[in-house]
Participant: 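Shown below is the structure under consideration.
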Amino acid sequence: MRSEQAARGDRPVRPRTRREQILGEAARLFAERGFHGVGVDEIGAAVGISGPGLYRHFAGKDAMLAELLVGISERLHDGGQRRLLDQGGAAHPPARALDALIEGHIEFALDDRALITLHDRELDRLRDDDRKRVRRLQRQYVELWVGVVREVHPSLPEAEARTAVHAVFGLLNSTPHLSRPAALPSRQSTAALLHRLARGAFDSAARAYG
């Protein structure tokens, strides 16, 4: 996905480290064929190194899966916090903060579709402590959104706001089910459409409560 974006000139993409290359190919292969359908040698071949060479970077496939799923949960949560800090202060209305959260999640949904698929299919394969960390980070990420949504829509009860946040995540995380990336509208058009749909969902949820 990232290489396709670079080829289209949608936005600059920094060169990935070898470790990031391995994780990217592992995510793609795991999402396409399932965790148990991919061997270490195949991941190595995808990045141009021998399978055993991967062990200089990761202890094995389980370690790759854990880093992928824990890592994306950390990235979403920490990125959400940074975006809220960037939008903080009286001069920045809550709507700007909500827009910033939506934009950040859309970047993830467009750039990391394989990780969405991987999370849905393989989360239960993580060790208990890693899976619990993912769930804890996800809950904290949801609560970031709930707080901002209720600032934008004060009449919306907390439970309904939380349900709306989960529904919007489902909408944004539907990107793996879209057509092939090359068949989509431009990245900018797709991102703008997803943003309008997300804001529309929150606005619609709030209208029932005045």
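The analysis underlying the following values was restricted to heavy atoms, covering all of them including side chains, and did not include hydrogens, waters or symmetry mates. Please read all numbers here as calculations on a predicted model, not as lab measurements.
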Participant: Which residue pairs pass the salt bridge (Lys or Arg N to Asp or Glu O under 4.0 Å) test with at least one member in residues 31-44, sequence neighbours excluded?
Facilitator: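 For residues 31-44: Arg28-Glu32, Arg33-Glu42.
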
Participant: Would you say Thr175's side chain and Ala109's backbone share a donor-acceptor pair under 3.5 angstrom?
Facilitator: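 Confirmed, Thr175 side chain pairs with Ala109 backbone.
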
Participant: Do Lys132 and Arg135 have side chains that get closer than 4.5 Å, going by heavy atoms?
Facilitator: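 Answer no - side chains too far apart.
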
Participant: Looking only at atom types and distance, does a side-chain atom of Thr163 sit under 3.5 Å from a main-chain N or O of Ala159, one as donor and one as acceptor?
Facilitator: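 Indeed, once roles are kept as given, a pair shorter than 3.5 Å links the two residues.
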
Participant: Considering non-hydrogen atoms only, spot the tightest contact between Leu29 and Ala46 and give its length.
Facilitator: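 Between these two residues, the closest heavy atoms are CD1-CB, 4.4 Å.
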
Participant: Looking only at non-hydrogen atoms, find the nearest pair between Thr117 and Pro176 and report the distance.
Facilitator: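 Minimum heavy-atom separation between Thr117 and Pro176: OG1-CB, 3.5 Å.
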
Participant: Within a strict 4.5 Å, meaning less than it, do heavy atoms of the Leu110 and Leu194 side chains meet?
Facilitator: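 Heavy-atom side-chain distance check passes, below 4.5 Å.
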
Participant: Would you mind checking if Glu143 and Arg139 are paired as a salt bridge, meaning a charged N to carboxylate O distance below 4.0 Å?
Facilitator: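 Salt bridge absent between Arg139 and Glu143.
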
Participant: Are Arg187 and Asp111 close enough for a salt bridge, meaning some N to O gap below 4.0 Å?
Facilitator: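 Yes.
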
Participant: Work out which heavy atom in Leu126 is nearest to a heavy atom in Ala66; give both atom names and the distance.
Facilitator: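 Looking at all heavy atoms of both residues, the closest pair is CD2-CA, 3.5 Å.
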
Participant: Specify the closest pair of heavy atoms between Phe108 and Arg75, including all atoms of both residues, with the distance to one decimal.
Facilitator: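 What the structure gives for the nearest pair is CD1-NH2, 4.0 Å.
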
Participant: If we only count heavy atoms from C-beta on, is the Pro157 to Tyr209 side-chain gap below 4.5 Å?
Facilitator: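 Yes. Closest side-chain heavy atoms under 4.5 Å.
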
Participant: Are the side chain of Arg131 and the backbone N or O of Arg125 linked by a donor-acceptor pair below 3.5 Å?
Facilitator: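 The answer is no, because no donor-acceptor pair under 3.5 Å joins these two groups.
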
Participant: Is there a path from Leu118 to Ile116 through hydrophobic residues (I, L, V, M, F, W, Y) whose side chains come within less than 4.5 Å of each other?
Facilitator: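 Same cluster: Leu118 reaches Ile116 through Ile, Leu, Val, Met, Phe, Trp or Tyr contacts under 4.5 Å.
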
Participant: Side-chain contact, heavy-atom cut-off 4.5 Å: Val165 with Tyr141?
Facilitator: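 No, too far: nothing below the 4.5 Å cut-off.
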
Participant: Indicate the atoms forming the closest heavy-atom contact of Ala26 with Met64, along with that distance.
Facilitator: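 Where Ala26 meets Met64 most closely, the heavy atoms are CB-SD, 3.9 Å.
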
Participant: Salt bridge (Lys or Arg N to Asp or Glu O under 4.0 Å): which pairs involve residues 190-210, sequence neighbours left out?
Facilitator: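 Sorted pair list: Asp99-Arg199.
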
Participant: Measuring from atom CG of Leu101 to atom CD1 of Ile106, what distance do you get when rounded to the nearest 0.5 angstrom?
Facilitator: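 The CD1 atom of Ile106 is 11.0 Å from CG of Leu101, to the nearest 0.5 Å.
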
Participant: Inspect the contact between Asp86 and Arg83 and indicate whether a charged nitrogen and a carboxylate oxygen are less than 4.0 angstrom apart.
Facilitator: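 Looking at Arg83 and Asp86, the cut-off is not met.
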
Participant: Show, in sequence, the C-alpha distance, side-chain angles and deciding distance for Val152 and Phe202, and conclude whether the side-chain contact (heavy atoms from CB on, under 4.5 Å) test is met.
Facilitator: CA-CA 9 Å; Val152 177; Phe202 289 129; over 6 Å; no

Participant: Just so I know, are the side chains of His105 and Val168 near enough to count as touching, which here means a heavy-atom distance under 4.5 Å?
Facilitator: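 The answer is no, as the side chains (C-beta and beyond) never meet within the 4.5 Å cut-off.
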
Participant: To the nearest 0.5 Å, how far apart are CD in Gln87 and CZ in Arg82?
Facilitator: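 Here the interatomic distance stands at 13.5 Å.
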
Participant: Throw together a table of side-chain donor-acceptor distances under 3.5 angstrom for residues 48-63, partners on residues two or more places apart or in other chains.
Facilitator:
residue, atom, partner, partner atom, Å
Ser50, OG, Gly53, N, 3.2
Lys61, NZ, Phe35, O, 2.8
Lys61, NZ, Val38, O, 2.7

Participant: Evaluate Glu122 against Leu68 for side-chain contact (heavy atoms from CB on, under 4.5 Å), listing each step before the verdict.
Facilitator: CA-CA 11 Å; Glu122 310 290 358; Leu68 284 165; over 6 Å; no

Participant: Please check if the side chain of Ser204 supplies one atom and the backbone of Ala201 the other of a donor-acceptor pair under 3.5 Å.
Facilitator: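 Here the side-chain-to-backbone pair does not exist.
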
Participant: Would a single hydrophobic cluster contain both Phe169 and Ile72, if residues Ile, Leu, Val, Met, Phe, Trp and Tyr are joined by side-chain heavy-atom contacts under 4.5 Å?
Facilitator: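 Hydrophobic grouping puts Ile72 with Phe169.
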
Participant: Out of curiosity, Glu74 CD to Leu137 CG, how far, rounded to the nearest 0.5 Å?
Facilitator: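 The CG atom of Leu137 is 6.0 Å from CD of Glu74, to the nearest 0.5 Å.
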
Participant: Considering non-hydrogen atoms only, spot the tightest contact between Ala114 and Ala31 and give its length.
Facilitator: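 Heavy atoms of Ala114 and Ala31 come nearest at O-CB, 3.7 Å.
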
Participant: CG/Leu197 to OG/Ser174 distance, rounded to the nearest 0.5 angstrom?
Facilitator: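 Nearest 0.5 Å value for the CG-OG distance: 9.0 Å.
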
Participant: With distance as the sole criterion, is a donor-acceptor pair present between the side chains of Glu160 and His153 under 3.5 Å?
Facilitator: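 No, no side-chain donor-acceptor pair sits under 3.5 Å.
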
Participant: Mind checking the NE2-CG spacing from His119 to Asp124? Nearest 0.5 Å is all I need.
Facilitator: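 Interatomic distance, His119 NE2 to Asp124 CG, rounded to 0.5 Å: 9.0 Å.
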
Participant: Out of curiosity, Gln140 CD to Gln138 CD, how far, rounded to the nearest 0.5 Å?
Facilitator: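 Atom-to-atom, Gln140:CD and Gln138:CD are 10.5 Å apart.
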
